[in-house]
Amino acid sequence: MTIDELEHLLAQQPVSLLHRLARGRIHRHFRAGKRRLIELLLQHSSQNLAGLESDLQTLLAERQSHLRPSRPPTRRREQTTTTHPKRPASTTSGEESEAGGSAVSLTTWLEGIGVPPPQPFVPDPWQIEALAALAEGDVVVSVPTGSGKTYVAIEAARRAMEDNRTVIYTSPLKALSNTKFTEFSRLFGPEKVGILTGDRQENGQAPLLIMTTEILRNLLYDAASGEIDVRLDTLGLVILDESQYLADPERGVVWEETIIFCPSQARLLLLSASIGNPQDIADWLSSIRTTTCRLIRHTKRTVPLRAGYLHPNGKLVPLFKTVGIPYGHPNQLHPEARRLFTLYEEETMPSGRPRR
Ligand SMILES: Nc1ncnc2c1ncn2[C@@H]1O[C@H](COP(=O)(O)OP(=O)(O)OP(=O)(O)O)[C@@H](O)[C@H]1O
Ligand SMILES: [Mg+2]
């Protein structure tokens, strides 16, 4: 097959199949649109087009076998003689059923979203456990997004400062550092909080310092080469927020070195969204630090996820047939989302071939 023929064949495939083809070939392929994905696939396999073609044929064969009717012919004949009226292919309300079950409506999908009525704050058991564990040693917290990791950071910082210890809080992004600076200044008072990022240095001698992890790593580098920063002398607590970045292929090394160079008298608190191997990380910390590290983990989402699809034309629909996100059930796309996907493909690739 020539490169043009292969490109043409790729252009005829749904984008989901192209993503399967891109797995292991293209880094962060899920960010690419169809046209870009085809370009990247052809670019990546320019030395081995036959390999790409062969994988494509395998996926096509697999899809073909799934498309084959599984019902016996007699059942199909019964269906053709049925007197039930035919259902429309899909509706905008999304209440109609597709082969395999009914789909949630947009109203139901949106239900319950908003600001809840105020309630007294009661810490969750895992938050109390994490703070208690920090009194004994280092702590890795691995809980889903939106669980309340900031509360643990704030309480731990408050306790360390009451003990006249310095606290460093790091985040992977300047924007997040800025947000935390505003939030913590409001909470503890502006004189207690400083910020050190590439763009901003304010109140650098404050007992609670917010910085990007790169800045802390550099401070620790300097200390390792003899330039001890006075702030590190009294350091009692280092909070590494979003520490799932440890696994980042490019920036992970910064978190790794920060942990390795962190002064032994300071407690380490790693806050991360759910990760696959948090126990390995806790064990690693225990092995390289003078104190043991406890893992605090839970996987239940406090704030359930809902997935929606916003078409460039402004139309919002549920992405799946259910309010929640179905795991391990293929073909759960909402019929309306499916229709809009197809529409999008038709609109962006009218001739079935990617535009150059
Ligand atoms: N025990 C609690 N009870 C009720 N609400 C809580 C509790 N703890 C935290 N929250 C609220 O939960 C929301 C999310 O908290 P937070 O931003 O700390 O989550 P997170 O775990 O850091 O999430 P992310 O992974 O996105 O950084 C906040 O509005 C916070 O006030
Ligand atoms: Mg957070």
Side-chain angles (χ1 to χ4, degrees), residues 30 110 112-135 138-161 167-189 192-193 195-197 208-216 237-248 251-252 254-255 258-259 267-279 281-282 285 293-308 324-325 327:
F30 44 83
L110 288 170
I113 292 182
V115 181
Q119 287 171 23
F121 183 85
V122 181
D124 289 340
W126 70 267
Q127 291 171 320
I128 296 171
E129 212 184 325
L131 287 164
L134 203 55
D138 295 337
V139 173
V140 170
V141 171
S142 170
V143 295
T145 296
S147 295
K149 294 183 280 289
T150 315
Y151 169 77
V152 179
I154 290 170
E155 272 309 303
R158 189 195 307 280
R159 290 176 194 188
M161 284 194 288
V167 179
I168 292 180
Y169 168 98
T170 81
S171 88
L173 307 167
K174 286 179 202 162
L176 192 57
S177 298
N178 283 332
T179 310
K180 290 297 172 193
F181 178 57
T182 312
E183 184 183 347
F184 291 176
S185 298
R186 208 178 297 130
L187 258 169
F188 294 110
K192 290 267 177 63
V193 189
I195 184 166
L196 302 174
T197 66
L208 170 51
L209 288 173
I210 292 156
M211 53 186 84
T212 47
T213 317
E214 273 79 1
I215 298 270
L216 174 58
L237 174 65
V238 172
I239 303 167
L240 302 181
D241 202 355
E242 309 291 345
S243 52
Q244 65 274 13
Y245 267 77
L246 252 176
D248 188 275
R251 294 179 67 196
V254 176
W255 272 256
T258 304
I259 292 168
R267 291 266 191 272
L268 259 176
L269 171 60
L270 269 64
L271 302 175
S272 90
S274 300
I275 42 174
N277 60 341
Q279 190 61 59
I281 295 172
L285 256 80
C293 178
R294 269 271 313 273
L295 169 67
I296 305 294
R297 177 188 204 185
H298 80 85
T299 50
K300 193 173 176 301
R301 282 191 170 277
T302 323
V303 184
L305 283 186
R306 307 176 196 207
I325 298 179
Y327 290 102

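Note that the numbering runs from 1 along the sequence shown for the chain. One-based numbering, in listed order, for ligands and for the atoms of each. Values below: every heavy atom of this structure, side chains too, minus hydrogens, waters and symmetry copies.
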K.L.:
Give the minimum heavy-atom separation between Ile215 and Leu196, together with the two atoms involved.
P.N.:
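Result for this residue pair: CG1-O, 3.8 Å.
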K.L.:
Check if Ser147 has a non-hydrogen atom at a distance under 4.0 Å from any atom of ligand 1.
P.N.:
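Yes; Ser147 lies near enough to ligand 1 that a heavy-atom distance drops under 4.0 Å.
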K.L.:
Give the residue and atom name of whichever protein heavy atom lies nearest to atom 13 (C) of ligand 1, and the separation in Å to one decimal.
P.N.:
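Its nearest protein heavy-atom neighbour is Gly146 O, 4.3 Å.
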K.L.:
If you have a sec, work out which protein heavy atom is nearest atom 19 (O) of ligand 1 and how many Å separate them, to one decimal?
P.N.:
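Here the closest protein heavy atom is Gly148 N, 3.2 Å.
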K.L.:
Is a donor from one side chain sitting under 3.5 angstrom from an acceptor on the other, for Ser171 and Ser177?
P.N.:
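Distance-only check passes for Ser171 and Ser177.
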K.L.:
What's the shortest distance from atom 8 (N) of ligand 1 to any protein heavy atom, and which residue and atom give it?
P.N.:
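Scanning the protein heavy atoms, the shortest distance from atom 8 (N) of ligand 1 goes to Gln127 NE2, 3.0 Å.
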K.L.:
At their closest point, which heavy atom of Ala153 faces which heavy atom of Leu271, and how far apart are they?
P.N.:
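In this case the closest contact between Ala153 and Leu271 is CB-CD1, 3.9 Å.
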K.L.:
For ligand 1, which atoms have a heavy atom of Asp124 less than 4.0 angstrom away?
P.N.:
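This gives 1 (N) as the contact atoms.
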K.L.:
Which of the atoms of ligand 1 are close to Pro123, meaning less than 4.0 Å from one of its heavy atoms?
P.N.:
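Taking each heavy atom of Pro123 in turn, ligand 1 has 1 (N) under 4.0 Å.
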K.L.:
Counting non-hydrogen protein atoms only, what is the nearest one to atom 25 (O) of ligand 1? Give residue, atom name and distance.
P.N.:
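Nearest protein contact, heavy atoms only, for atom 25 (O) of ligand 1 is Lys149 NZ, 2.9 Å.
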K.L.:
Measure the shortest side-chain to side-chain distance between Met161 and Leu208 over non-hydrogen atoms and say whether it is less than 4.5 angstrom.
P.N.:
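Yes - at least one pair of side-chain heavy atoms lies under 4.5 Å apart.
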K.L.:
What protein heavy atom sits nearest atom 26 (O) of ligand 1, and how far off is it?
P.N.:
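Going atom by atom, the protein heavy atom closest to atom 26 (O) of ligand 1 ends up being Thr145 CG2, 3.1 Å.
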K.L.:
Quick one: nearest non-hydrogen protein atom to atom 7 (C) of ligand 1, plus distance?
P.N.:
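Nearest protein contact, heavy atoms only, for atom 7 (C) of ligand 1 is Phe121 CE1, 3.3 Å.
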K.L.:
Counting C-beta onward and ignoring hydrogens, is there a side-chain heavy-atom pair between Glu242 and Ser272 closer than 4.5 Å?
P.N.:
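Heavy-atom side-chain distance check fails, nothing below 4.5 Å.
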K.L.:
Are any of the protein's heavy atoms under 4.0 angstrom from atom 29 (O) of ligand 1, yes or no?
P.N.:
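False for atom 29 (O) of ligand 1.
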K.L.:
Nearest protein heavy-atom contact for atom 27 (O) of ligand 1: which residue, which atom, what distance?
P.N.:
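Checking every protein heavy atom, the shortest distance to atom 27 (O) of ligand 1 gives Glu242 OE2, 3.4 Å.
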K.L.:
Right, does atom 22 (O) of ligand 1 have protein non-hydrogen atoms nearer than 4.0 Å?
P.N.:
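Yes.
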K.L.:
For a 4.5 angstrom cut-off between non-hydrogen side-chain atoms, does Ile168 reach Met211?
P.N.:
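In contact.
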K.L.:
Does any part of the side chain of His298, heavy atoms only, come nearer than 4.5 Å to the side chain of Ser142, both counted from C-beta?
P.N.:
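Counting from C-beta outward, Ser142 and His298 never come under 4.5 Å.
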K.L.:
Quick check: do Leu209 and Val167 have side-chain heavy atoms less than 4.5 Å from each other?
P.N.:
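Sidechains of Val167 and Leu209: no contact.
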K.L.:
State, with a plain yes or no, whether a side-chain heavy atom of Trp255 is found less than 4.5 Å away from one of Leu270.
P.N.:
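No, too far: nothing below the 4.5 Å cut-off.
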K.L.:
Side chains of Lys180 and Val193: closer than 4.5 Å at any heavy-atom pair?
P.N.:
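The answer is no, as the side chains (C-beta and beyond) never meet within the 4.5 Å cut-off.
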K.L.:
For ligand 1, does Ala273 get within less than 4.0 Å through its side chain, its backbone, both, or neither, judged by non-hydrogen atoms?
P.N.:
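Neither; nothing of Ala273 gets under 4.0 Å from ligand 1.
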K.L.:
In terms of atom number and element, which parts of ligand 1 are under 4.0 angstrom from non-hydrogen atoms of Val122?
P.N.:
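Listed by number with element: 1 (N), 2 (C), 3 (N).
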K.L.:
List the closest protein heavy-atom neighbour of atom 16 (P) of ligand 1: residue, atom name, distance to the nearest 0.1 Å.
P.N.:
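Result: Thr150 OG1, 3.5 Å.
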